[in-house]
Colleague: 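Handing you this structure, nothing more for now.
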Amino acid sequence: MNRRIAIIGAGAIGRMLAWTLRQGGQEAVLICRRTEQAAALKKQGLLFYETDGTEHRVEVEAVTWDTSDRLPAVDGAILTVKSYDTSAAGELLRVRLPDVPVLSMQNGLGNGERLVELVPPEQIALGLTTHGATADGETSVYYKGRGRTVIGDFLAATTESGAKWWAELFTGCGHPVTVADDIRTEVWRKAMVNIGINPMTALHGLKNGELPLRTDLLAVSRSLVEEAERVAAAAGVALHDSFARVLDVCRTTAGNRSSMLQDLERGRKTEIDAMCGEIVRLGKEHGVPTPCNERVYQQVLQAERDGKPGDK
Ligand code: KPL
């Protein structure tokens with residue numbers, strides 16, 4: 001059956017998912033922040049580049065989210081906005097798309113918790129993907145390599161599983177999805193990797209593979225992750241070996257510049273609030289001290305204000 005899916009956030013992952021849906025014969029409506037991007041997507045379509053450089057162009061619908069642009073009726077909505085825009089996107093869903101299943105494919109902690117303030121919990125699924133994609137200009141996306149996508153229901157014991165619906169939709173488009181029974185733990189596990197890598201690479205202008213070579217900085221990363229593991233345990237999420245996973249990801253993504261480093265280099269707001277910021281907040285709630293996360297959180301906020309990464 002043909003579905004029409006709204007994708008809120010037309011960055012790399014939003015564009016990759018729009019392409020995937022179109023490939024599978026579904027409709028995609030990209031909801032963009034900026035009028036120029038919506039206009040460019042409407043005019044030129046979406047350009048998808050395979051890893052060998054082969055170019056594909058597909059037509060997509062595109063609208064701007066905070067104007068009076070009419071939103072077409074859709075069967076579901078995917079959030080791919082940065083974590084600091086989750087509440088704004090949730091408000092858009094509440095007002096303009098109140099009854100559809102929602103899938104958050106975002107970085108960091110707390111996205112489900114922000115959404116549930118605006119969208120009924122049984123409508124929410126959370127997802128993670130390790131497929132690589134890089135956005136270029138307003139309309140292009142470069143596919144960087146296959147990964148794995150997992151989706152799970154925000155309410156673990158829900159009877160009407162939105163996660164299964166999303167998994168069938170994507171699998172039918174040639175993008176296999178695993179349904180996770182405990183997506184909360186998966187979200188935490190991924191967030192641990194981001195907490196271990198993103199702030200220290202961003203503050204010191206390092207590629208992921210350079211971090212393990214700086215033992216002084218790596219010790220800070222270890223403290224960030226160990227504190228965060230204690231907070232997770234207090235919040236009922238048992239995690240093990242998070243720092244070993246950080247080292248593993250530094251190795252497998254050695255040439256990458258973390259998303260936080262790229263944000264600082266471009267003078268943009270980072271997702272530190274959904275990483276160290278959320279650890280500090282939850283630490284206070286559960287009575288777990290988080291001095292290292294607090295310090296690094298403030299350092300990244302300062303670097304955002306200064307508009308640049310620090311020195312190596
Ligand atoms: O997800 C990432 C990010 O940069 O945000 C990692 C895994 C650290 C890869 O760069």
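For ligands, and for the atoms within them, numbers begin at 1 and follow the listed sequence.
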Colleague: How close does the nearest protein non-hydrogen atom get to atom 9 (C) of ligand 1, and which residue and atom is it?
Modeller: N208 ND2, 3.5 Å

Colleague: Decide yes or no for L92 and L97: does some side-chain heavy atom of the first lie under 4.5 Å from some side-chain heavy atom of the second?
Modeller: no

Colleague: Identify the residue among T270, T201, D263, N194 that makes a side chain to side chain donor-acceptor pair (under 3.5 Å) with S258.
Modeller: T201

Colleague: May I ask you to check if ligand 1 and S259 share an N or O to N or O distance below 3.5 Å?
Modeller: yes

Colleague: Any heavy atom of K190 closer to ligand 1 than 4.0 angstrom?
Modeller: yes

Colleague: Is there a path from V58 to L169 through hydrophobic residues (I, L, V, M, F, W, Y) whose side chains come within less than 4.5 Å of each other?
Modeller: yes

Colleague: Would a hydrophobic clustering, with Ile, Leu, Val, Met, Phe, Trp and Tyr connected at side-chain separations under 4.5 Å, put V246 with L206?
Modeller: yes

Colleague: Would you mind checking which non-hydrogen protein atom is closest to atom 1 (O) of ligand 1, with the distance to 0.1 Å?
Modeller: N194 ND2, 3.1 Å

Colleague: In terms of relative ring orientation, are W19 and F48 parallel, tilted or perpendicular, with 30° and 60° separating the classes?
Modeller: parallel

Colleague: Name the closest protein heavy atom to atom 7 (C) of ligand 1, giving the residue it belongs to and the distance to 0.1 Å.
Modeller: V249 CG1, 3.8 Å

Colleague: Using a 4.0 Å cut-off to any heavy atom of N198, which atoms of ligand 1 qualify?
Modeller: 3 (C), 4 (O), 5 (O), 8 (C)

Colleague: Checking contacts here: is it the side chain or the backbone of Q262 that comes within 4.0 Å of ligand 1, counting heavy atoms only? Could be both or neither.
Modeller: neither

Colleague: Show the atoms of ligand 1 that are less than 4.0 angstrom away from any heavy atom in S258.
Modeller: 4 (O), 10 (O)

Colleague: Any non-hydrogen side-chain atom of D273 less than 4.5 Å from a side-chain atom of R281?
Modeller: yes

